[in-house]
There are 2 protein chains.
Amino acid sequence: MAVGGPTGDDLVEMLAALANPIRLRIVATLAGRRDYVSQLAREIGVSRPLLHMHLRRLEAAGLITGRLELSDDGKAMKYYEVTDFDLHLTASTVAEAAQSLTRPDPGKGPAPKEST
Amino acid sequence: MAVGGPTGDDLVEMLAALANPIRLRIVATLAGRRDYVSQLAREIGVSRPLLHMHLRRLEAAGLITGRLELSDDGKAMKYYEVTDFDLHLTASTVAEAAQSLTRPDPGKGPAPKEST
DNA sequence: TTCACGTGTCATCTTTTTCTTACACGTGAA
DNA sequence: TTCACGTGTAAGAAAAAGATGACACGTGAA
């Protein structure tokens, strides 16, 4: 997906999702091959609940996607894989994205009202 | 500066620095013209102490630089401007950067020891 | 002197993020 | 049944980030 213009809010979410060693490692691992949760947790070396949280964050940002599949054993395995994200960050691209920011500060005011 | 390979740690720091509405807006504002702290605080609409903290984070990540200058009035003004950062984020670039990650998880173990 | 403007920091509080522990469910095999 | 393996979630502790207010300093002008 070309990202000529994610909204400022979306950009913040993507950046926040990537700005973490564990999540960076998750993306790196999934970049090689898709994997299911338990196996991924073993490879990266984190607990399943923790990995689960990080996966949610990455998926919410649109950087990875997961789908539930059934193995031959009849076990439900959730496989994750990376999406085709492509972010180009320079002062100008950031400046453009910032124009569509709706939150002046994180988690406070809901949205800016239009000036009269 | 081309960023064919910032270390994983550096990348995390840059991403964390940009993953914030206020800091995104700071970079966007400085992308147009350099500015000094008090004026910047007024334009963005945040307090000086708060802006000061965000500026430190951005400067630590190497995204902006500031230098102290003297105005005609003899006042010490600290002017900030953006650097020529250029980050390209895809699954593969992230995978490459992740190889040089030294911290398995944020704020726990100091550094991984080399395996024998 | 007092005011307005610039710089900075410190202590504190609130909020968010991160992480662990414990629990729930389902299936196949011994 | 019990065990191993897969899935998920919920509660609470710990750590980090965000934000505020009060303070310090220095200069020029009224």
Side-chain angles (χ1 to χ4, degrees), chain A residues 9 12-26 34-61 64-80 101 103-110, chain B residues 9 12-26 34-61 64-80 101 103-110:
Chain A
D9 297 346
V12 168
E13 188 173 15
M14 293 186 197
L15 293 176
L18 288 175
N20 177 285
I22 292 184
R23 290 197 290 268
L24 212 63
R25 199 162 269 150
I26 291 174
R34 66 182 215 140
D35 212 345
Y36 63 95
V37 182
S38 290
Q39 176 62 18
L40 193 55
R42 267 180 245 115
E43 293 189 26
I44 298 183
V46 298
S47 67
R48 267 58 50 96
L50 181 55
L51 176 62
H52 190 263
M53 178 220 288
H54 286 305
L55 289 174
R56 284 192 59 178
R57 219 147 155 50
L58 285 169
E59 189 168 29
I64 66 175
T65 53
R67 74 169 141 281
L68 206 58
E69 298 183 12
L70 287 179
S71 70
D72 297 348
D73 317 50
K75 289 176 185 168
M77 328 272 284
K78 188 148 195 184
Y79 277 89
Y80 278 94
L101 274 175
R103 324 169 247 187
D105 38 291
K108 289 275 288 288
Chain B
D9 297 345
V12 168
E13 188 173 14
M14 292 185 195
L15 293 175
L18 288 174
N20 177 284
I22 293 185
R23 290 197 290 269
L24 213 62
R25 199 162 268 148
I26 291 174
R34 63 183 217 137
D35 212 344
Y36 62 96
V37 183
S38 290
Q39 175 63 18
L40 193 55
R42 266 181 245 113
E43 293 188 27
I44 298 184
V46 298
S47 66
R48 269 58 50 98
L50 182 55
L51 177 62
H52 191 262
M53 178 220 288
H54 287 306
L55 289 174
R56 284 191 60 179
R57 217 145 156 52
L58 285 169
E59 190 168 29
I64 66 174
T65 53
R67 73 168 142 282
L68 206 58
E69 299 183 12
L70 287 180
S71 71
D72 297 348
D73 317 51
K75 290 177 185 167
M77 328 273 283
K78 187 149 196 185
Y79 277 90
Y80 277 94
L101 274 175
R103 322 171 248 187
D105 37 292
K108 289 273 289 288

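Here is the naming used below: chain letters follow the sequence lines, and residue numbers restart at 1 for every chain.
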D:dG8 C1' sits how many Å from A:Leu51 CG, rounded?
12 Å

Using a 4.0 Å heavy-atom cut-off across all strands, classify A:Arg56 as base, sugar-phosphate, or nothing.
nothing

Does B:Arg48 place a side-chain N or O at less than 4.0 Å from the phosphate oxygens OP1/OP2 of C:dC5?
no

B:Arg25 CZ to D:dA19 P, straight-line distance once rounded to whole Å:
12 Å

Separation of A:Glu59 atom CD from D:dG8 atom P, in whole Å?
10 Å

Measuring from the side chain of B:Arg42 (C-beta onward, heavy atoms only), which nucleotide among C:dC5, C:dT7, C:dC19 has the closest atom?
C:dC5

Nearest to the A:Met53 side chain among D:dT7, D:dG21, C:dT18, which nucleotide is it?
C:dT18

Atom CG of B:Leu40 and atom P of C:dG6: how far apart are they, to the nearest Å?
12 Å

Given the rule in the side chain to side chain contact (heavy atoms under 4.5 Å, CB included) test, do A:Leu101 and A:Asp9 qualify, once you have shown the distances and angles that lead to the verdict?
CA-CA 6 Å; A:Leu101 274 175; A:Asp9 297 346; 3.4 Å; yes

Where the side chain of A:Ser47 is defined as all heavy atoms beyond and including C-beta, which of C:dT9, D:dG28, C:dT20 is the nearest nucleotide?
C:dT20

Taking the side chain of A:Lys75 as heavy atoms from C-beta outward, which of C:dG6, D:dC5, C:dT20 is closest to it?
D:dC5

Would you mind telling me which of C:dG28, D:dT7, C:dC19 lies closest to the side-chain atoms of A:Leu50?
C:dC19

Can you tell me how far apart CG (B:Leu55) and OG1 (B:Thr65) are? Round to the nearest 0.5 Å.
11.0 Å

Stems for DNA chain C (at least 3 consecutive Watson-Crick or G-U pairs, under 3.5 Å) come to C:1-30 with D:1-30

Heavy atoms, side chains only, cut-off 4.5 Å: are A:Glu59 and A:Tyr80 in contact?
yes

Specify the separation, in whole Å, of atom CD1 of A:Ile26 and atom C1' of C:dC19.
13 Å

Within the structure, does a side-chain N or O atom of B:Asn20 lie under 4.0 Å from either OP1 or OP2 of D:dG18?
yes

Quick one: on DNA chain C, does A:Ala19 or A:Asp72 contact a more 5' nucleotide (nearest heavy atom)?
A:Ala19

Nucleotide nearest B:His52 when distance is taken to its side chain, options C:dT9, D:dT27, C:dC19:
C:dT9

Separation of D:dA16 P from A:Ile22 CD1 (nearest whole Å):
13 Å

Ranking C:dC19, D:dG26, D:dT7 by distance to the side chain of A:Lys78, first place goes to D:dT7

With a 6.0 Å cut-off (strictly less than), is the heavy-atom count around CZ of A:Arg56, excluding the residue itself, greater than 12?
no

Report the distance from atom CD of A:Glu13 to atom C1' of C:dT17, rounded to the nearest whole Å.
14 Å

Looking only at side-chain atoms of B:Asp73, point me to the closest of D:dA10, D:dG6, D:dG28.
D:dG28

With a non-hydrogen cut-off below 4.0 angstrom, is B:Arg57 in contact with a base, only sugar-phosphate, or nothing?
sugar-phosphate

Identify whether any heavy atom of A:His54 sits under 4.0 Å from a base atom; if not, whether one sits that close to sugar-phosphate; answer base, sugar-phosphate or nothing.
sugar-phosphate

To the nearest 0.5 angstrom, please state how far the CZ atom of B:Arg25 sits from the NE2 atom of B:His54.
11.5 Å

Any non-hydrogen side-chain atom of B:Leu50 less than 4.5 Å from a side-chain atom of B:Ile22?
yes

State, yes or no, whether a side-chain contact exists between A:Arg34 and A:Arg67 at a heavy-atom distance under 4.5 Å.
yes

Looking at CG of B:Leu40 and CG of B:Leu51, how far apart are the two atoms once the value is rounded to the nearest 0.5 Å?
5.0 Å

Does D:dG6 have OP1 or OP2 sitting under 4.0 Å from an N or O in the side chain of A:Tyr36?
yes

Specify the separation, in whole Å, of atom CE of B:Met77 and atom P of C:dG8.
11 Å

